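Below is one structure, written out as structure tokens; the observations come after it.
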Amino acid sequence: MVSSDVRVRFAPSPTGYLHVGGARTVLYNWLFARHLGGKFILRIEDTDQERSTREAERMQLEDIRWMGFDYDEGPEVGGAYAPYRQSERLDLYAKYAQDLLAGDRAYYCFCSDEVLDTKREAAMKAGETPQYDGTCLKISKADALKRKQAGEKPTVRFKAPVREYRLHDLVRGEVVFPSNMVGDFVILRNDGMPVYNFCVVIDDHLMKITHVLRAEEHLSNTVRQMMLYEAYGWPLPQFGHMSLILGADRSKLSKRHGATSVHQYNEEGYLREALLNFLVLLGWSSPTENKEIMTIDEMVRDFSLDRLNKAPSVFDPVKLKWMNGQYIKAYPLAELTRLTMPFLKKSELPIAGHDEAWIARALDVIRGNLETLADAPRFLRIFFDETFDIEPDAVAVKSEPTFTAVAGALKAALEKHLTGAGDNLTSDDFAKIQDQVKVASGAKGKGLFMPMRVVLTGHAHGPDLKLIVPLLGTKRSLARIEKVLTGK
RNA sequence: GUCCCCAUCGUCUAGAGGCCUAGGACACUCCCCUUUCACGGGAGUAACCGGGGUUCGAAUCCCCGUGGGGACGCCA
């Protein structure tokens, strides 16, 4: 196959935010397409009108965009096989269902939900795979049409051939579905809406999808879809079923496991690159041994289906956090600042009085402490006078024997610096000032260092004073000392 | 229950018959760096689910157990 013929798709149903499992599915599809120079298509599977909403679709699209997955065809961008929203392709499905009905490959079913449920439960209890018993198969076509005319609302069932199906799965290898695995299944609901297993086949075929890469939960659906391809005489696309993402209790990851939506991670201050990097490693590994941190370009370059892991994987939020921290440390500062701004604006910090360049410098000093962008306000507090105060962890330092002498000497040294050099205070300036304080106060070691730290930052811990002080300047440093000394 | 899939440290994984005394990462512990915190560096604890084969040789291949997961819908 010529590589540019490759066409893959991601087909979410818009019933909520994009969750991490879905995100990994998009990622793998997108990487596969980009690696091979193929096309990546987005299709909205909104045939379940009960649950699908336009709002959810908007959110999904937004999440996909945030993650950086550009699609070649899909809603909003269009394409040669439009429309890409199943709810806008209803006439198509009706036509193809009609073909099946006409060819005697499908029939009307008048069974009610209740009897179906009862039979299903009975079958399970009896130790059998529940499947349709063929009741309505006995109804003649003429009778069925008559009842339909009379106002009854039947579903349309596909006549499932009774034979074994073999699937050559791209990730699982040869999978055999026994002949009795599925019974006649519904392709059209009683309100005329088509059902998933039916639309996917029509759409994947019409949209010339070459590779269907999706989660393992769809593996057993595949046999139904193979039957449909066969009925239409259409060639099968290649299928690849990727293992599931599990929660800590090893069941399929869901909301009860905590944050599972991409949107939430975005809001909690995760970088998209970190999320992507974490997700790509959940079931796939780089061909370069021991390579964990990688750029998106490297993922595109190295991605291949044969390195997918068949075993399901547990989602570990702790490792995600670590990874996010790695990205924060290495991120371009201007960009990092831009992304951090919303978190600062939401916080109590009075950032209005500072320009972005100053904030960027401050952020640069504390970025090593961050695991998420949401941590930033907490670490940035030391730079803002309005929030400056002696923090609980620093109270004890005030009663150190050297405290008063050091604070006084520091004040004097800074005042001298102010008259000589003004408000500008460099790291080198501070080093000299520190020497002066040492001589003047007679303090040394922690006895010297801790009082200075406390009087300047209000904390017993924090980044190197040499890095903090230039951001403060002489006057503000002096004001802080004043506040501590006078208690005002 | 039936069918399908899966099985290496607590977790993510490397490993495609000898390179394995099983490697890396997260987490955890300790040490170093640091006049603080964090970062960083180093070290350590920790795994081939069990049983049978096949083979000179098995984490790797086969079978059977066991365990886990998924699907059995007029959801996708």
Side-chain angles (χ1 to χ4, degrees), chain A residues 11-15 45-48 50-52 109 111-113 116-117 120 123-131 153-157 167 169 171-173 175-178 180-183 185-197 199-200 214-223 241 243-244 246 248 250-252 278 281-287 289-293 306-307 309-323 325-326 329 366-370 379 393-394 397 434 444-450 452-454 457 459-465:
Chain A
S13 64
T15 56
E45 309 219 320
D46 56 352
T47 56
D48 182 355
E50 303 272 290
R51 300 195 303 152
S52 301
C109 173
C111 292
S112 70
D113 251 343
L116 256 20
D117 282 348
R120 187 166 23 246
M124 280 218 212
K125 218 175 243 171
E128 289 156 23
T129 306
Q131 45 182 249
K153 294 213 168 294
T155 61
V156 175
R157 268 184 202 277
L167 170 68
D169 193 277
V171 349
R172 320 217 85 86
V175 179
V176 181
F177 302 107
N180 60 342
M181 192 165 157
V182 299
F185 56 92
V186 171
I187 57 173
L188 249 42
R189 298 171 166 92
N190 65 183
D191 63 356
M193 283 300 273
V195 151
Y196 166 74
N197 278 116
C199 320
V200 242
R214 57 181 18 166
E216 199 200 311
E217 54 192 326
H218 290 293
L219 185 55
S220 45
N221 278 147
T222 309
V223 65
H241 289 91
S243 53
L244 261 19
L246 274 25
R250 304 203 71 90
S251 67
K252 186 161 70 165
F278 174 75
L281 255 18
L282 236 43
W284 179 82
S285 57
S286 167
E289 185 134 11
N290 299 337
K291 189 163 178 62
E292 292 252 334
I293 304 281
D306 56 8
R307 293 195 64 83
N309 198 149
K310 287 197 267 194
S313 41
V314 174
F315 186 90
D316 180 7
V318 176
K319 186 157 182 175
L320 205 208
K321 241 183 191 179
W322 167 79
M323 182 133 334
Q326 293 299 305
K329 282 174 197 69
I366 54 98
R367 71 203 283 185
N369 293 288
L370 306 183
F379 288 98
D393 65 336
V397 178
Q434 194 171 298
K444 58 177 190 228
K446 280 191 179 178
L448 168 69
F449 184 71
M450 289 311 275
M452 286 204 300
R453 168 173 293 288
V454 166
T457 71
H459 277 94
H461 306 296
D464 198 331
L465 280 181

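By convention in this document, chain letters (A, B, ...) are assigned in the order of the sequence lines, proteins followed by strands, and residues within each chain are numbered from 1. A quick note: this is a predicted structure, and the numbers were derived from the prediction, not measured.
To the nearest angstrom, P of B:A22 lies 15 Å from CD of A:E289. In this structure, A:F278 atom CZ and B:U13 atom C1' are separated by 12 Å, rounded to whole Å. One can place CG of A:L282 at 10 Å from C1' of B:U13, the figure rounded to the nearest angstrom. When the P atom of B:A25 is taken as reference, atom CH2 of A:W284 falls 18 Å away, rounded to whole Å. If you take CG of A:L320 and C1' of B:A27, they are 14 Å apart, rounded to a whole angstrom. One atom, CZ of A:F185, and another, P of B:C3, lie 21 Å apart when rounded to the nearest Å. Distance CZ (A:R214) to P (B:A76): 13 Å, rounded to an integer number of Å. Put simply, CD on A:Q326 is 14 Å from C1' on B:G24, counting in whole angstrom units.
Along RNA chain B, the nucleotide nearest A:V318 and the nucleotide nearest A:K153 are compared for position; the residue whose nucleotide lies closer to the 5' end is A:V318.
The closest donor-acceptor contact from the side chain of A:Q131 to the backbone of A:N180 lies under 3.5 Å. One N or O on the side chain of A:T222 and one on the backbone of A:H218 form a donor-acceptor pair closer than 3.5 Å. Of the possible donor and acceptor atoms, one in the side chain of A:S243 sits under 3.5 Å from a partner among the backbone N and O of A:N309.
For B:A7, the base has no donor-acceptor partner in the side chain of A:K310 [N/O atoms by modelled type, under 3.5 angstrom]. At a cut-off of 3.5 angstrom, the base of B:G1 holds no donor-acceptor pair with the side chain of A:E128.
Taking 4.0 angstrom as the limit, A:N221 places none of its side-chain polar atoms (N or O) nearer than this to OP1 or OP2 of B:C4. Residue A:S243 has no polar side-chain atom (N or O) positioned under 4.0 Å from OP1 or OP2 of B:C5. For the OP1/OP2 pair of B:C12 and a distance below 4.0 Å, the side-chain nitrogens and oxygens of A:S313 include no atom meeting the criterion.
Smallest separation of non-hydrogen atoms from A:G283 and A:S313: N-OG, 4.1 Å. Nearest approach of A:M181 to A:T129, heavy atoms of both residues: O-CG2, 4.0 Å. Annotation for A:N190 and A:T155: closest pair N-CG2, 3.6 Å, computed over non-hydrogen atoms. Considering all non-hydrogen atoms of both residues, A:R172 and A:L219 come closest at CD-CD2, 3.7 Å. Scanning both residues, A:P312 and A:L246, for their nearest heavy atoms gives CB-CD2, 3.6 Å. The two residues A:K252 and A:E217 make their nearest non-hydrogen contact at NZ-OE1, 2.9 Å.
Checking B:U55 for Watson-Crick or G-U wobble geometry (two distances, each under 3.5 Å) identifies no partner in any strand. Of the nucleotides present, B:C64 is the one that pairs with B:G50 by Watson-Crick or G-U wobble criteria, both distances under 3.5 Å. Using the Watson-Crick or G-U wobble rule with both distances under 3.5 Å, B:G73 pairs with nothing in any strand shown. Pairing of B:U29, defined by two Watson-Crick or G-U wobble distances under 3.5 Å, is identified with B:A43. The pairing partner recorded for B:G17 is none, the criterion being a Watson-Crick or G-U wobble arrangement whose two distances lie under 3.5 angstrom.
Of the candidates B:C3, B:G23, B:C26, B:G23 carries the atom nearest the A:N290 side chain, counting heavy atoms from C-beta on. Side-chain proximity of A:D316 to B:A7, B:U11, B:A25: nearest is B:U11. Of all nucleotides listed (B:C26, B:C74, B:A76), B:C74 comes nearest to the side chain of A:R157. Of the listed nucleotides (B:U13, B:C74, B:A76), B:C74 has the atom at the smallest distance from the side chain of A:D113. Minimum atom distance to the side chain of A:R51 is reached by B:A76, of the listed B:A76, B:C3, B:A14. With B:A76, B:C5, B:G73 as the choices, the nucleotide that has an atom nearest any side-chain atom of A:R120 turns out to be B:G73.
With P as the reference atom, B:A47 and B:C5 are 31 Å apart, rounded to whole Å. Rounded to the nearest Å, the gap between the C1' atom of B:A27 and that of B:U11 is 8 Å. Taking the P atoms as reference points, B:C72 lies 41 Å from B:A25, given to the whole Å. B:U21 and B:C63 have their C1' atoms separated by 30 Å, with the value rounded to a whole Å. B:A38 and B:A71 are spaced 48 Å apart, taking the C1' atom of each and rounding to whole Å. The same atom, C1', is picked in B:G24 and in B:G44; the two are 16 Å apart, to the nearest Å.
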### Task
List the steps, then state whether salt bridge (Lys or Arg N to Asp or Glu O under 4.0 Å) holds for A:E216 with A:K310.
CA-CA 9 Å; A:E216 199 200 311; A:K310 287 197 267 194; over 6 Å; no
### Residues A:E128, A:R120; criterion salt bridge (Lys or Arg N to Asp or Glu O under 4.0 Å); working and verdict
CA-CA 9 Å; A:E128 289 156 23; A:R120 187 166 23 246; over 6 Å; no
### Message
Show, in sequence, the C-alpha distance, side-chain angles and deciding distance for A:V182 and A:F177, and conclude whether the side-chain contact (heavy atoms from CB on, under 4.5 Å) test is met.
### Response
CA-CA 9 Å; A:V182 299; A:F177 302 107; over 6 Å; no
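If you check every strand for non-hydrogen atoms under 4.0 Å, A:C199 touches nothing. Residue contacts for A:E45: at a heavy-atom cut-off of 4.0 Å it reaches the sugar-phosphate backbone alone, with no base atom in range. Among the atoms of the strands shown, only primed sugar atoms or phosphate atoms (P, OP1, OP2) are found under 4.0 Å from some heavy atom of A:V176. Across all strands shown, A:N190 has heavy atoms under 4.0 Å from base atoms, whether or not it also approaches the sugar-phosphate. As judged by a 4.0 angstrom heavy-atom cut-off over every strand, A:T15 is placed among residues making no nucleic acid contact. Base engagement by A:P130 is indicated by at least one non-hydrogen atom pair under 4.0 Å involving a base atom. Across all strands, A:T155 comes closer than 4.0 Å to base atoms (heavy-atom distances). Backbone-only engagement by A:V175 is indicated by non-hydrogen atom pairs under 4.0 Å involving sugar-phosphate atoms exclusively.
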Using a cut-off of under 3.5 Å, enumerate the N/O to N/O pairs linking the protein to nucleotides 64-70 of chain B.
from, atom 1, to, atom 2, distance (Å)
B:G70, OP1, A:K252, N, 3.1

Atom pairs under 3.5 Å, N or O on each side, protein against nucleotides 17-21 of chain B: can you list them with distances?
none

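Checked by atom type, the side-chain pair A:R214/A:H241 shows a donor-acceptor distance below 3.5 Å.
Residue A:R157 forms a side-chain contact (heavy atoms from CB on, under 4.5 Å) with just one option from A:V186, A:L188, A:I187, and that option is A:V186.
Within 6.0 Å of the NZ atom in A:K291, the count of heavy atoms belonging to other residues, nucleotides or ligands exceeds 12. Heavy atoms of other residues, nucleotides or ligands lying less than 6.0 angstrom from NZ of A:K446 number 12 at most.
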### Task
Can you check each nucleotide of nucleotides 33-38 of chain B against protein heavy atoms at under 4.0 Å and return B for base, S for sugar-phosphate only, - for none, in 5' to 3' order?
--BBBS
